Every structure is written in structure tokens, then in C-alpha cells.
Amino acid sequence: MDQFTLNLIFVGLTFAIYIGIAIWARAGSTAEFYAAGRGVHPVLNGMATGADWMSAASFISMAGIIALAPAGGYTQSAFLMGWTGGYVLLALLLAPYLRKFGKFTVPEFIGDRFYSGGARLLAVICLIVISITYVIGQMRGVGVTFGRFLEVSTDTGLYIGAAIVFAYAVFGGMKGITYTQVAQYVVLIIAYTIPAIFISLALTDSFLPQLGLIGSYAPGGGDQAFLAKLDEVVTELGFTAYTADTPNMLNMFLFTMSLMIGTAGLPHVIIRFFTVPKVADARTSAGWALVFIALLYTVAPAVGSMARLNLTTTMWPNAVAGNALDGDAVSLEAIQSDPRLNWVKTWEQTGLLHMEDLNGDGRIQYYNDKNPEMQALAAERGWQGNEVTKIDNDIMVLANPEIAALPSWVIALVAAGAVAAALSTAAGLLLAISSAISHDLIKGAINPKISEKGELLAARISMTGAILIATWLGLNPPGFAAQVVALAFGLAAATIFPVLMMGIFSKRVNKEGAIAGMLVGLVFTAIYIFLYKGWFFIPGTATFADVPENYLFGISPLSIGAVGAILNFAVAFGVSSVTRTPPREVVELVESIRVPRGAGAATGH
């Protein structure tokens, strides 16, 4: 059976499952649409949370950016540390308390805690900005996946993905999305780990990729550590050592912090904890989610490093057992005739990979043409520059099974997994957007007397509109999937996380302080991002080139969220200290959230 047919079968079967679940679990009330009727089992909610949280950025892009990062793989480990650490913050500091509050949405909590419709409205604006930014990355991931495996353009793939999300998210709401995400988690974790096991066995003789990463390089006889071999190969070609230290520790620290507190402030993840029956269940489901997330996140470093080595040895066959430059680069004839290299032609058709024989020698030289030593060698050998002229980070995980010459069914499985990862998070984000518009904006401010049926209709119309906007933005994303997602995390870090922390743990912060803090965090962070990424992400509108030389104090747009969060906290406490204290009933509300009902005074033993 040919690869295209296998891809259709695997992806088609998973679509049938998702849509079938959505029909079975169709939301019939606002409680089911917003919070699945608060009847989801903690283990299932943990699995759904894992799928909701492990987006296209985690499945498709994270290992790719680790693999191809110009500064080396260690610097990009910030994605792993930030996202995982942030989930721990969310599980310990926010989820149980917000579930105890008992409302449907994050803006609803902010509006009640800070006794202000203005605070609730501002939270809605922040949530929509964050979620729209985040969903761009998911839609791009959908487009990339469909574009390759259904052999259509990336834009056409994006339209197909949008139609599928519409089919099960608009009608199912949180109830349908939850059970669909459980199925999507099963698909994506199998699809991620099976190729990793195959590749780890081939490169390190280790069944577990986590151990293979620190094991020996099998094709070279097992006498050399795998990571040492990888460093040797990439440095020989003029690239930075894969395990090299970061050149800017401040930026890496701020980036990690931005991802951590941004994760803890992501509305679409927070609302998952509103779906369980009890507060204790929120803690339990958070623990299970961390287990399910770890199954993928502990494998990702191995996937990234093994993908980089496989790519490099494919371009320089002699690197498998010796020095890359002692042999010739891969020939154009081999690319055209060797079945094991068919992946080059198929990925070039997507526009995400491009190779060009610049010097006309019939071979493709892959090296760092910015390195002075390699420039001297290139002049000596008659090379005209790096002939792998484009390789997108987002293709590395998807192309990994093909580069490693794994069976066709594994390639099809990866396609289904990538689609599951992107669709699961996209659905969660779209639900967060529609809930904010219908419940917090329309019912909370514009028409408080709207009927439940009218509110449910408004929620579905809002989600449809959000899908259309996300699709349009996905056609012209401001970066690859993990970059776009990092921008969303920065915005969440600067706005939602601080106000939730202060709302739960401070009885002194008032509505004036919360509003001022959110405004400063949002405006500062958004403007800094827009200066380098284009105003409102419109291509060609950036004020400064997005290069480290132009960054303020070396802080990249991906890292600025941590600074925005600090400003948010500082402004909120400063304004609160010179304005009136919150009303007594609000202070009691904070105390009731933080202290279990029925708890007596502490006693000695």
C-alpha cells in the first residue's frame, strides 16, 4: 500500500473517532458547553489536560527547534524547563483555588475577585489576545501536517484543519472537546514514542530514547557517546556544538521564567480544572496530567538530537562512521533515485524544505556558511554556500521517521499524532475564546438577561468567528509554531498569571491595582513583541529587525513576558497601596478560597 493511502487511512480513522465522540457528547446546556457539566473523572481530565497542553508546538516544533537551534540544543531546553515547570506552578498555586471558586471562566473570577466589570472586561481582552496568538501556532501546525501528508499546499491543509475543528468543537463544547482530547492524547503519545523507540534502537541500541540520549553511538561501534558524536559532526561542519552553553544567560533565564508563569496563566488550560466534580479532584487530575505530559517531554530531547544527527549524516554519508568532510556530500542523483531519500522531494513540495546546487557539482553541501573557517574551506573546494537553503524547524519531527527510513505505517501514525496534537489545543483555545465572549462579554456586560439557549448560540457563533480569524492569521504566522506559542505565553505571563496570583494570595490588591497592572503588562509586552514581530503580526510592519543585536539589553521578544509580569506586580501593588482597600466581602471571599471549608483553628499536639 502506498504512503498516501496509508496517511489517509490513519488520519481518516482518527477524524471519524473525533467527530463520533463530538456527536455522542454534544453539549446541551451552557454548563456542558463551558465545563462539561463538572462531571469529568480526574484521570480522564488529566489525560485531556495533557492533550490540551501538549500542542503542535510540543509535538511538531519543540524537538525541531532543539534540533536546529543555531545556538545549540542546550539553549532551547528552556522550552522543556519552562513549560514543564509552569505546569507545576499551575497545579500547585492556581488550579485548586480556581476550581473552589466554582465559576466557568477566568475573567469571571477576576471580575468577582476585583469587584469590577472593567477588570472582567480587561481580562476578556487579555484572554482573547493570548488565545488568538496561541491558536495561530496550532493552525500553522495543522497546515504543515496536512500539507505534507495529504500532499496539498500548507494553506489548503490549514483550511481542512479548520473545517475539522469546526465540526467537533462548535457543537461539542467542553463536553465534546474533553472526551475528544482523551482520544487525541492516546493517538499523539503513541505516535510520538513509537518512532523515537525505533530511532533510538538504530542509533544507540537502547529501547528507551531517554537512555539512548546519554548512551553510546551504535553505528560507530559503540565506543563513542551519542552526544559526543553529534557534537563532533555538527562542529566539523561549522555549526555550534549541540551541547554548547548559552551565550546569553539573562535572556535564557527570562525566557524560561516567561514560559513558566505564562503556562500557569494560560486560560485554556486553567478552565480544564473547572470540569471535575470536587476541589480534591482538581489536584488529582493535575497530578495525572503531569504524568501524561512527562511521557512526551522526557522523550523530546532524544527526538531532537537524533533527528539532527540523522539529518546531518544523510547529507554527509561518511559522517556515519568517520569524518563528514573526508567523504562527499549527498549527490543530486541519489536524492532523485534512492527510495530512502524520497522525503527530500516530498518535503520540498510543501515549501518548507529547499535544496539548490549552487556550484553545479551535482552534490548538496550542507554546512554553516557564516563560519569563517568553513568559508575558507568552501573557497578551497569551490563551494558557493550552504546548499540546504531552507529547512523549517516544524518539519523535523514529521520528517524524522522518513529520514530514518522507518516503515510506512510509522510515518502515517506520526501524521495522525501531529494532527491530534494541533487540533486538541486549537479546540481548547477556541473554547476559551468563545466562553470569554459569550459568558463574560455578552452575558456579563452587554445582555445579562440573555437566555441559556441564546447564550449557547452566542458561544457557538463566537467560536465560529474565532476559527475564521485563527485560520486567516495561520496563513501568515509571525514565526514557526513554537515561536508563536512562546509569544502567547509571554502575553499570559505579563497579564493573567500576576492578576490570578494576587487575586488568590493577596487581600490588599484592589480593583484599581489589578486593572492598572494588567494594562501595563499587556501594553508593554505587546508593544515590545510587535516592534520585532510586526504590528498585530502583519507581515512587513516590524519596526526593528528580529535579531539579537537590536534587542533591549539582549532580551528577545520571546522573553519579555517575564519583565511584563514584574511590571504588572509592581504597578498593581503600588496603585493598591495608595487607593482604598477592597471591601470586607471581597477579603472574606479570598479567605474562603484559600482555607478549606469547615477547617478549625490549629491545635497543639
Side-chain angles (χ1 to χ4, degrees), residues 33-35 49 51-58 83 86 90 98 104-110 120-142 161-162 165-166 169-170 173-174 177 181 259 261-274 421-442 458-474 477-478 481-497 499-500 518 521-522 525-526 529 536-537 561:
F33 192 91
Y34 295 138
T49 303
D52 200 356
W53 188 71
M54 290 188 296
S55 62
S58 293
W83 283 338
L90 171 62
L98 293 174
F104 286 140
T105 67
V106 170
E108 191 171 14
F109 167 78
I110 292 172
R120 183 174 181 176
L121 180 60
L122 182 56
V124 170
I125 294 170
C126 293
L127 185 150
I128 291 173
V129 171
I130 293 163
S131 299
I132 287 290
T133 305
Y134 199 162
V135 84
I136 297 171
Q138 310 316 307
M139 300 310 285
R140 173 175 167 78
V142 170
V165 172
F166 177 87
V170 170
M174 177 61 88
I177 287 171
Q181 285 174 336
L259 292 178
I261 60 180
T263 296
L266 287 176
H268 76 288
V269 177
I270 292 172
I271 61 174
R272 285 241 50 90
F273 296 100
F274 298 166
L423 293 181
S424 62
T425 302
L429 289 163
L430 292 165
L431 179 68
I433 295 168
S434 68
S435 300
I437 294 173
S438 60
H439 189 68
D440 294 300
L441 187 59
I442 296 176
R460 287 178 168 140
I461 293 173
S462 300
M463 186 177 288
T464 302
I467 290 172
L468 294 175
I469 294 172
T471 302
W472 179 77
L473 289 170
Q483 264 194 330
V484 179
V485 167
L487 297 177
F489 278 62
L491 291 168
T495 55
I496 299 296
F497 176 77
V499 76
L500 290 179
M518 277 194 290
L522 175 64
T525 306
I529 289 171
F536 302 99
F537 300 131

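Model, not experiment: these values are computed from the prediction.
In this structure, Ile461 CD1 and Ile442 CD1 are separated by 8.0 Å, a value rounded to the nearest 0.5 Å. The CD1 atom of Ile261 sits 10.0 Å away from the OG1 atom of Thr495 when rounded to the nearest 0.5 Å. Put simply, CG on Leu468 and CZ on Phe166 are 8.5 Å apart, with the number rounded to the nearest 0.5 Å. Taking SG of Cys126 as the start and CG of Leu522 as the end, the distance is 4.5 Å to the nearest 0.5 Å. From Ile132, atom CD1 reaches atom CD1 of Ile469 across 5.0 Å, with rounding to the nearest 0.5 Å. Atom-to-atom distance recorded for Ile125:CD1 and Asp440:CG is 12.0 Å, nearest 0.5 angstrom.
Checking Ile128, Leu127, Leu122 one by one against Val124, the side chain to side chain contact (heavy atoms under 4.5 Å, CB included) holds for a single residue, Ile128.
Ser462 and Ile437 get closest at one heavy-atom pair: OG-CG2, 3.2 Å. The shortest heavy-atom contact between Ala458 and Ser438 is C-CB, 3.9 Å. Among all heavy-atom pairs drawn from Thr263 and Leu90, the shortest one is O-CD2, 4.3 Å. Of all heavy-atom pairs between Thr471 and Ala162, the closest is OG1-CB, 3.3 Å. Closest non-hydrogen pair, Ala492 versus Gly262, comes out as CB-O, 3.5 Å. Taking both residues in full, the closest heavy atoms of Ser131 and Ile433 are given as CB-CG1, 3.4 Å, listed atom of the first, atom of the second, then distance.
The side-chain heavy atoms of Arg120 and Ile110, taken from C-beta on, include no pair separated by under 4.5 Å.
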